[in-house]
Amino acid sequence: MGGQFNTDIVEAVIIGAGVTTVICSINDLTSSVGLIIVYMLALFIQLTWREATEEISYCYDLILRPSSSSGILLGSVLLPLVIISTQSSQYNSSSIHLTDDDDNLAVPCLVFSIACLLCVWLTRCKMSVTVLERLISVRWVVSWVAVMVILHKVPLQGVVALAVSFGGSVTCVWFLLGLLYVLEESFTIGEAMVVAQGLTLLTLEAVNTTVYHTGRELIACLQVLILGGIIIGLTMKPVLQKMPTIYSINVSRGKHKQLGNGANHSNRIQDIPRPFSWKLTAFFYLAMVASIICILLPWLGIMIKSWPLLFGLKFTLMTSEKRTCLVLIWAGLISTAITMVFWLQTSSTVTRKYFHLFTVAAFLPGIYFDVELVFLATAGTFFIAILLEFFRIHQVWPLGEALQSASQTLGDAQDTGVIFLSHLYLLLGLAVPVWLYTGVNGYHIESTLPLFSGVLSVGIGDTAASVIGSKYGVIKWPGTKKTILGTVSAILFQIPACYLLSYIGILPSMASHFFSISWAIILTSLLEAFTLQIDNLVLPLFMYCLLVT
């Protein structure tokens with residue numbers, strides 16, 4: 001416990017340095033005070049947390065990802081940092097637009113973090129499950145979303161803010177416990193917080209876009225495609241419950257309560273006989289196609305006031321030759337990556353980092369030449385990746401077994417749960433900076449370096465740290481498996497990469513902003529060394545906050 005405690009302290013200092021950097025760069029007193037309150041509250045809960053995974057497993061019958069810290073502090077402050085830094089930059093330069101209107105999402109996001117922290121604290125105190133289940137029931141979520149829609153145009157701004165904050169908090173807690181309960185052993189508390197807050201903000205914006213038609217086409221596509229995976233999962237639930245899975249997750253719940261933090265949770269995840277059923281397979285395909293055709297496509301059509309498939313075809317292939325060339329380049333990279341998956345057949349750190357290089361090769365020209373295409377393509381790719389996870393988990397013919405084999409090649413040591421998150425987090429880490437800080441609204445972007453946060457931190461920095469650190473690193477950071485040489489390599493590889501981006505015209509210039517950009521690189525590389533969260537998700541968002549300010 002002592003080594004882990006020291007690691008938590010160092011991680012907290014790094015995060016605190018990032019929070020301080022953002023606060024010193026913004027002129028919003030409310031957001032600054034809110035960030036400090038969330039940071040201190042989350043730090044207190046994390047440092048006083050004793051055997052957190054055991055207590056939550058006992059109270060909620062949940063199994064968190066083993067061999068990872070709770071991540072409560074990072075999960076609480078990360079998304080508020082992202083939103084506050086983005087909107088602060090928007091208001092300072094009038095160039096960056098997170099959404100299509102001027103709604104301030106910083107305060108609701110801080111409220112969502114506090115709601116998640118309250119939920120975590122109540123589970124630590126072993127509050128009655130019945131009380132919280134009533135609070136996060138679906139009917140309450142639907143009711144408060146409806147209230148938010150009704151009050152959105154009412155001039156009583158305080159009432160609207162209260163409805164958004166309270167209803168969003170209920171929705172956020174519902175997402176948080178839903179992720180932890182359904183996708184066992186997949187998340188830490190912190191990662192689930194980040195995902196739950198993101199889904200909540202996206203849901204509220206999607207409701208606003210649908211009802212009042214305030215969204216532009218690409219933002220509407222993002223909302224439908226990201227939330228579409230959840231909608232398909234809910235509509236297909238009766239079919240999925242009858243289908244066998246690759247994991248024996250239907251073990252007696254009472255047995256899970258007896259598993260301590262030191263127990264081998266992965267013992268319950270094992271291959272089980274999977275009798276093939278043409279009937280269930282047919283129902284699976286019918287339910288999925290019906291969900292897409294009857295729900296998602298009409299919903300998107302209402303939002304963009306056009307035929308979705310026709311819009312996608314015209315946008316992708318009929319706009320410019322440059323866009324068509326990018327699509328062909330990406331098709332070639334995807335084909336090469338798929339070939340390598342079935343050729344390598346072994347999982348190692350170096351093998352996984354090959355695919356990080358593929359993502360760099362795809363994102364660099366895409367962001368540089370056509371950020372709008374990257375915006376839409378990454379949203380569509382994430383939607384397809386979620387659908388493929390349904391195929392893999394339920395071993396649906398003909399892709400299920402091949403996807404499972406590929407996952408064993410690409411899977412990380414932290415992919416121990418129902419869903420494999422490393423590749424999804426990698427895509428999100430590279431795409432979220434583009435989704436947030438983009439020119440799709442038609443405004444001139446004065447600084448484009450934050451768009452490359454994922455490419456720099458994960459594609460270059462994390463790859464260099466993993467490959468060089470694992471091969472040549474000897475001296476390790478105290479309490480971690482990461483080497484000092486790996487961290488130094490990450491820093492030394494990212495700085496020349498920033499100079500190269502400056503040379504091709506990416507602003508701000510590394511020469512004129514050397515200290516601020518280097519500070520962002522150093523803090524992000526140190527976070528990679530000391531965090532036990534999946535770095536594909538947290539590193540790009542953390543670097544984005546520092547670069548955008």
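Side chains included, hydrogens not; waters and symmetry mates left out as well; all remaining heavy atoms used.
The CG atom of L523 sits 11.5 Å away from atom SG of C545, with the distance rounded to the nearest 0.5 Å. Residue L427 holds its CG atom at 10.5 Å from CD1 of I384, rounded to the nearest 0.5 Å. With values rounded to the nearest 0.5 angstrom, F390 atom CZ is found 13.5 Å from L403 atom CG. Rounded to the nearest 0.5 angstrom, L449 CG and I506 CD1 are separated by 8.0 Å. For the atom pair CG of L117 and CZ of F44, the computed distance is 11.5 Å after rounding to the nearest 0.5 Å. Here the straight-line distance linking atom CD1 of I495 with atom CD1 of I517 works out to 10.0 Å at 0.5 Å rounding.
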- Message: side-chain contact (heavy atoms from CB on, under 4.5 Å) for F452 and L547? Distances and angles first, verdict last.
- Response: CA-CA 10 Å; F452 295 89; L547 291 179; over 6 Å; no
- Task: Apply side-chain contact (heavy atoms from CB on, under 4.5 Å) to the pair I534 and V538, showing each step before the final yes or no.
- Result: CA-CA 7 Å; I534 296 181; V538 300; over 6 Å; no
- Query: Where do I9 and L47 land on the side-chain contact (heavy atoms from CB on, under 4.5 Å) test, with the steps shown first?
  - Reply: CA-CA 8 Å; I9 290 290; L47 294 183; 4.0 Å; yes
- Task: Any chance you could lay out the side-chain hydrogen bond (donor to acceptor under 3.5 Å, both in side chains) test for T188 and Q533, step after step, and finish with the verdict?
- Result: CA-CA 7 Å; T188 63; Q533 312 308 298; 2.4 Å; yes
- Working for side-chain contact (heavy atoms from CB on, under 4.5 Å), residues F383 and I226: CA-CA 6 Å; F383 176 73; I226 300 303; over 6 Å; no
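Although no hydrogens or angles enter the test, the distance criterion places no donor-acceptor pair under 3.5 Å between the side chain of S466 and the main chain of T463. Without hydrogens or angle criteria, Q46 side chain to L73 main chain gives a donor-acceptor distance under 3.5 Å. Although no hydrogens or angles enter the test, the distance criterion places a donor-acceptor pair under 3.5 Å between the side chain of S113 and the main chain of S76. Side-chain N or O atoms of S31 include none that pairs as donor or acceptor with a backbone N or O of D28 at under 3.5 Å. A distance-only check finds a donor-acceptor pair linking the side chain of K482 to the backbone of E528 [under 3.5 Å]. At least one donor-acceptor pair closer than 3.5 Å links the side chain of W330 to the backbone N or O of A362. In terms of modelled atom types and a separation under 3.5 Å, the side chain of Q494 and the main chain of A490 share a donor-acceptor contact. Under the 3.5 Å distance criterion, the side-chain polar atoms of S457 are matched with a main-chain donor or acceptor of S453. The backbone N or O of G34 lies less than 3.5 Å from no partner atom in the side chain of Y39, so there is not a single donor-acceptor pair.
L451 has its side chain out of reach of Y544: every pair of non-hydrogen atoms, C-beta onward, lies at least 4.5 Å apart. No side-chain heavy atom of V194 sits less than 4.5 Å from a side-chain heavy atom of E191. Residues I468 and L485 have side chains in contact (heavy-atom distance under 4.5 Å, counting atoms from C-beta outward). Within the 4.5 Å cutoff, the side chain of M193 has heavy atoms near those of the V120 side chain. Using a 4.5 Å heavy-atom cutoff, the side chains of Q197 and F175 are not in contact. Taking the side chain as every heavy atom from C-beta outward, Y368 and L501 never approach each other to under 4.5 Å. The side-chain heavy atoms of T359 and L426, taken from C-beta on, include a pair separated by under 4.5 Å. The shortest side-chain heavy-atom distance between L428 and F382 falls under the 4.5 Å cut-off.
By the 30° and 60° cut-offs, the orientation of the rings of F514 relative to Y499 is tilted.
For the residue pair L456 and C498, the shortest heavy atom distance occurs at CD1-SG, 3.8 Å. Shortest non-hydrogen contact noted between L176 and A192 is CD1-CB, 3.6 Å. Across all their heavy atoms, I491 and S525 have their closest contact at CG1-OG, 3.5 Å. Across all their heavy atoms, I419 and R392 have their closest contact at CA-NH2, 3.8 Å. Shortest non-hydrogen contact noted between A17 and W519 is CB-CZ2, 4.1 Å. Between F530 and I14, the shortest heavy-atom distance links the atoms CD1-CD1, 3.9 Å.
Remark: the W477 side chain and the T483 side chain contain no N/O donor-acceptor pair separated by less than 3.5 Å.
Counting heavy-atom neighbours within 6.0 Å of I504 CD1, excluding the residue itself, gives a total above 12.
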